[in-house]
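To start, the structure itself, in structure tokens.
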There are 2 protein chains.
Amino acid sequence: MYEQLTKYITAHSPLRDERLQQVLTYFKPLQVKKNALLARIGEPSRRMFFINTGCLRVYFIKPDGREVTRRFAFENSFSSSLTSFISGTTLKEATQAVEPSALLYMDRLDFYGLLDTVPGWDLFYRYCLEYAYVTNTRRLEDFITLSARERYRLLLEENPEVVLRLPNKLVANYLNITQEALSRIKAAP
Amino acid sequence: MYEQLTKYITAHSPLRDERLQQVLTYFKPLQVKKNALLARIGEPSRRMFFINTGCLRVYFIKPDGREVTRRFAFENSFSSSLTSFISGTTLKEATQAVEPSALLYMDRLDFYGLLDTVPGWDLFYRYCLEYAYVTNTRRLEDFITLSARERYRLLLEENPEVVLRLPNKLVANYLNITQEALSRIKAAP
DNA sequence: CTGATTTATTGATCCGGATCAAACATTGCT
DNA sequence: AGCAATGTTTGATCCGGATCAATAAATCAG
């Protein structure tokens, strides 16, 4: 059960052996059903999730009540609403399982506590921050520079899993366009 | 000359006394004229800038050749194209002085070298990453959820300096709208 | 399995902001 | 100061994608 997680942490930090085991003990398993809400807007940010199987969606809500997806996370990746996780403030984004998912999670306080007690864990955190920053900046750039059709083509090229695996509704939501617009783009690519 | 920088680092890291001094010695002064290009797209990312006076603009270029501003940085803040700075890859964004500016800069290799040699500097880097991430995510959210008019109002409310200090052309560019559109928004707010 | 709800497609219309164009104001240069 | 270059405003038109509406297809619960 900790195999995938072990591989991930090993790939992105110098943690090995006892120190790695020490970190792993803080991760607890969690099975969730499709559509389960793992984090609600307004509540404090509590957990960092690692996905063994399934898919999580992080989204925020516009003033008019509509949802927009900021990111999807599939198996073998981490997910948390980092903005609030960092500061400990209330969540601006919700997290939902869009498939039945097998997760491992670490509590926020444990996560930050380990930064002071386990040498090397800070390098893992640094990796997470750097990766999240680069990914997010890329997404910002795409939104600013590309049309809906171009964003769809790029997604299909760089992350086809999203298009193939998830319902149109969610794909459209991720691209920040309506289902109708996505349907037309797919019809005449 | 190092007063503002000292204050900034002290505010965002535990560095003090000799260790702080050690870090400061790596910062070199640089005076640039208005419109000077400090970093060109395609070149490797080389420097992290601290602004004593003036204003820098970080922008990328759309496929059609047009520029879009990702951020402005005024006095007492850092600026670098973090995406490339992190990875050491070539720059995807350019950096330009939009006012005559007095800067202090640190070379990228020095910056990362200090992470291993000066205890506490890693915490400063962590702060930079966290801050950059939160800021950028906020900007992504604003682009996704707000109209041009709403983005302008928000900018005026949260960062009036940008609107008051910089020419319309750059403000429009930052909002990712045309000068004409901004002019109309200002006329009928 | 079947009816009910949710999701996907297709068409008609609308709207925010882009584009093109022209007049006007400001800034910079020597 | 005086001219050129750059920035700003206002108007007319256009276009991508939203909205509204209706139907068809897929998914789900009992």
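So that the names make sense, note that chain A is the first sequence line, chain B the second, and so on, each numbered from 1.
- The end-to-end axis angle of the helix from dC1(C)-dG30(D) to dT30(C)-dA1(D), rounded to 10 degrees and based on five pairs per end, is 60°.
- The shortest side-chain heavy-atom distance between Q4(B) and F50(B) falls under the 4.5 Å cut-off.
- Applying the 4.0 Å criterion to OP1 and OP2 of dT9(C), one finds that N168(A) has a side-chain N or O inside that range.
- The stretch residues 58-74 of chain A touches DNA chain D through R66(A), each having a heavy atom under 4.0 angstrom from the strand.
- Tested against F78(B), the residues Y131(B), F85(B), F124(B), Y105(B) include a single ring-ring contact (aromatic ring centres under 6.0 Å, His included) partner, F124(B).
- Regarding contacts with the backbone of dA18(D), a side-chain N or O of T178(A) is found under 4.0 angstrom from either OP1 or OP2.
- When rounded to the nearest whole Å, the span between CD of E180(B) and P of dC24(C) equals 17 Å.
- Within residues 152-163 of chain A, no residue is approached by DNA chain D to less than 4.0 Å at the level of any non-hydrogen atom.
- Between R66(B) and D64(B), at least one side-chain nitrogen of the basic residue sits less than 4.0 Å from a carboxylate oxygen of the acidic one, meeting the salt-bridge criterion.
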Sequence neighbours left out, cut at 3.5 Å: what donor-acceptor pairs do the side chains of residues 150-161 of chain B make with other protein atoms?
unit_1	atom_1	unit_2	atom_2	d
E150(B)	OE1	S147(B)	N	2.8
E150(B)	OE1	S147(B)	OG	3.3
R151(B)	NE	L175(B)	O	3.3
R151(B)	NH1	L146(B)	O	3.1
R151(B)	NH2	L175(B)	O	2.7
E158(B)	OE1	R138(B)	NH1	3.4
E158(B)	OE2	R138(B)	NH2	3.3
E161(B)	OE2	R165(B)	NH1	2.7

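- The aromatic rings of Y127(B) and Y8(B) lie perpendicular to each other, with more than 60° between the two planes, well past the 30° mark.
- Interface residues of residues 139-149 of chain A facing DNA chain D, ordered by number: S147(A), A148(A); criterion, heavy-atom separation under 4.0 Å.
- Across I41(B), L91(B), I86(B), a single residue satisfies side-chain contact (heavy atoms from CB on, under 4.5 Å) together with S81(B), and that is L91(B).
- For the pair K169(A) NZ and dT9(C) C1', the interatomic distance rounds to 16 Å; values are reported in whole Å.
- A heavy-atom distance below 4.5 Å is not found between the side chains of L182(B) and K169(B).
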Residues 20-40 of chain B, side-chain donor-acceptor partners within the protein, below 3.5 Å, at least two apart:
unit_1	atom_1	unit_2	atom_2	d
T25(B)	OG1	Q22(B)	O	2.6
K28(B)	NZ	D107(B)	OD2	3.4

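- Counting to the nearest Å, the C1' atom of dT27(C) and the CG atom of L170(B) are 14 Å from each other.
- Here E67(B) pairs with R57(B) in a salt bridge; the nearest charged N to carboxylate O distance falls below 4.0 Å.
- As rounded to whole Å, 11 Å separates atom P of dG17(C) from atom CG of N176(B).
- Aromatic pair Y112(B)/Y125(B): ring centres closer than 6.0 Å.
- Taking hydrophobic clusters as Ile, Leu, Val, Met, Phe, Trp and Tyr residues chained together by side-chain heavy-atom distances below 4.5 Å, F49(B) does not share a cluster with L104(B).
- Residue P167(A) has its side chain nearest to dA8(C) when only dT19(D), dA8(C), dA18(D) are considered.
- When all heavy atoms are compared, the tightest approach of M106(B) to L114(B) is CE-CD1, 3.6 Å.
- Here E141(B) does not pair with R70(A) in a salt bridge; the nearest charged N to carboxylate O distance is not below 4.0 Å.
- At whole-Å resolution of the value, CG in N35(B) and P in dG28(C) are 9 Å apart.
- Straight-line distance from the CD1 atom of I185(B) to the P atom of dT8(D): 14 Å, rounded to whole Å.
- Distances were taken from every side-chain heavy atom of I177(B) (C-beta onward) to each of dG7(D), dA18(C), dA8(C); the shortest belongs to dA18(C).
- Q179(B) has no side-chain polar atom (N or O) that falls below the 4.0 Å cut-off from OP1 or OP2 of dG7(D).
- The distance from atom CZ of R184(A) to atom C1' of dT13(C) is 11 Å, rounded to the nearest whole Å.
- Atom CG of N173(B) is separated from atom P of dT8(D) by 12 Å (rounded to the nearest Å).
- For K34(B), a side-chain nitrogen or oxygen approaches OP1 or OP2 of dG28(C) to under 4.0 Å.
- Looking at heavy atoms from C-beta onward, Y2(A) lies in side-chain contact with L5(A) at the 4.5 angstrom threshold.
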